[in-house]
Amino acid sequence: MWEMAASLISGIAEWICWFASAFKVVFWSGAMPGFWFYLLLVVIFAVWLGSGFLAATLAELCGKSPGEAFMMGVLAPWIYPYTKAREWEIQPTEEEVAAAEAAAIREQYEEDEDDDEDEEIDGYCKRWFSDIPVDDDGERPGPFRMTLLDGNVLEISVIRDLRDDLMVAVNAQTGKTLRIKYDNIADFESYS
């Protein structure tokens with residue numbers, strides 16, 4: 001590969017030297033080309049390099065070597081990128097995979113939500129508490145005030161976990177972790 005890179009670089013250098021010497025001859029002879037000639041040269045150079053950049057971009061999207069593809073795109077302008085675009089299969093990026101997974105989860109959640117709308121929520125349950133927003137740690141930060149069936153009032157600083165029949169919460173006054181059954185909750189409210 002390094003021999004190919006060296007030959008490509010030397011070929012480009014020879015072409016640039018030839019172009020510079022031809023331009024010098026034209027310049028010293030007094031026959032200066034016009035604006036359109038320079039514009040044509042810029043367009044040809046942009047198309048030539050654009051082929052290499054296109055090949056490198058396609059190679060990177062397909063998980064191939066972009067350096068080798070750039071060299072081949074420069075050596076065979078527009079032919080190499082066109083033929084390889086038909087052969088290579090573009091791999092999805094990590095962001096695209098994550099977005100597709102998130103869309104599938106969101107769709108599943110919306111289907112579950114549609115099913116759940118038909119059911120009446122009788123009392124407090126896991127689904128009722130799952131609507132409380134979570135922080136970066138996956139916990140539901142408070143403060144909350146909870147009244148139990150026996151009349152005790154608890155100040156909750158954070159809800160750590162929701163299980164099928166109970167919640168794990170932290171008492172704001174004592175700092176102790178409490179496991180409270182949903183059936184024992186009489187009233188629940190958030191306050192600031």
Side-chain angles (χ1 to χ4, degrees), residues 1 46 49-73 80-192:
M1 179 168 148
L49 277 182
S51 171
F53 289 126
L54 177 64
T57 301
L58 287 174
E60 191 172 20
L61 288 174
C62 297
K64 310 285 188 219
S65 169
E68 183 178 324
F70 175 79
M71 289 185 279
M72 292 303 296
Y80 182 78
Y82 179 74
T83 57
K84 290 303 178 180
R86 293 172 163 256
E87 290 177 21
W88 292 337
E89 185 175 323
I90 295 178
Q91 305 293 326
T93 62
E94 291 177 13
E95 292 85 12
E96 292 170 340
V97 170
E101 289 174 357
I105 291 170
R106 189 178 314 113
E107 185 176 305
Q108 179 65 33
Y109 178 74
E110 288 172 358
E111 288 175 7
D112 292 345
E113 203 172 72
D114 291 342
D115 295 342
D116 293 343
E117 285 178 1
D118 300 337
E119 302 172 15
E120 285 291 320
I121 299 176
D122 187 30
Y124 295 101
C125 61
K126 179 179 180 177
R127 198 175 64 196
W128 193 91
F129 288 102
S130 65
D131 289 339
I132 300 172
V134 297
D135 61 6
D136 294 337
D137 298 327
E139 299 177 341
R140 291 161 174 80
F144 305 109
R145 182 173 292 125
M146 181 185 305
T147 306
L148 301 177
L149 290 177
D150 63 3
N152 287 334
V153 177
L154 299 174
E155 304 291 325
I156 303 294
S157 61
V158 65
I159 299 173
R160 290 239 168 102
D161 188 20
L162 297 176
R163 299 187 183 158
D164 290 334
D165 58 341
L166 60 89
M167 75 164 61
V168 178
V170 177
N171 190 329
Q173 286 101 5
T174 63
K176 291 184 179 181
T177 301
L178 305 172
R179 286 164 190 77
I180 304 166
K181 289 191 174 200
Y182 301 125
D183 297 339
N184 292 337
I185 301 172
D187 187 35
F188 184 87
E189 62 183 339
S190 176
Y191 70 94
S192 298

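All values below were derived from every heavy atom in this structure, side-chain atoms included, with hydrogens, water molecules and symmetry-related copies excluded. Worth saying up front: this structure is predicted, and the values here are computed from it rather than measured.
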Side chains of R145 and E155: does their closest heavy-atom pair fall under 4.5 Å? yes
State, yes or no, whether a side-chain contact exists between E139 and V170 at a heavy-atom distance under 4.5 Å. no
Checking side chain to side chain contact (heavy atoms under 4.5 Å, CB included) against I180, which of V168, I159, N171, L154 comes through? L154
How close do [X] and [Y] get, heavy atom to heavy atom, and via which atoms?
| X | Y | result |
| --- | --- | --- |
| A69 | A59 | CB-CB, 3.5 Å |
| S51 | G73 | OG-O, 2.8 Å |
| A55 | Y80 | CB-CD2, 3.9 Å |
| K181 | L166 | CA-CB, 3.9 Å |
| I156 | A169 | CG2-CB, 3.7 Å |

Just how far is it from atom [atom1] of [X] to atom [atom2] of [Y], taken to the nearest 0.5 Å?
| X | Y | atom1 | atom2 | value |
| --- | --- | --- | --- | --- |
| S65 | M71 | OG | CE | 7.0 Å |
| N152 | M146 | CG | CE | 12.0 Å |
| I132 | L162 | CD1 | CG | 7.5 Å |
| R179 | N184 | CZ | CG | 14.5 Å |
| L58 | F70 | CG | CZ | 13.5 Å |
| L54 | L49 | CG | CG | 12.5 Å |

Exam field: side chain T147 to backbone V153, donor-acceptor pair closer than 3.5 Å: no
Examine distances only and state if a side-chain atom of Y182 and a backbone atom of R163 form a donor-acceptor pair shorter than 3.5 Å. yes
More than 12 heavy atoms of other residues, nucleotides or ligands under 6.0 Å from CD of E60: yes or no? no
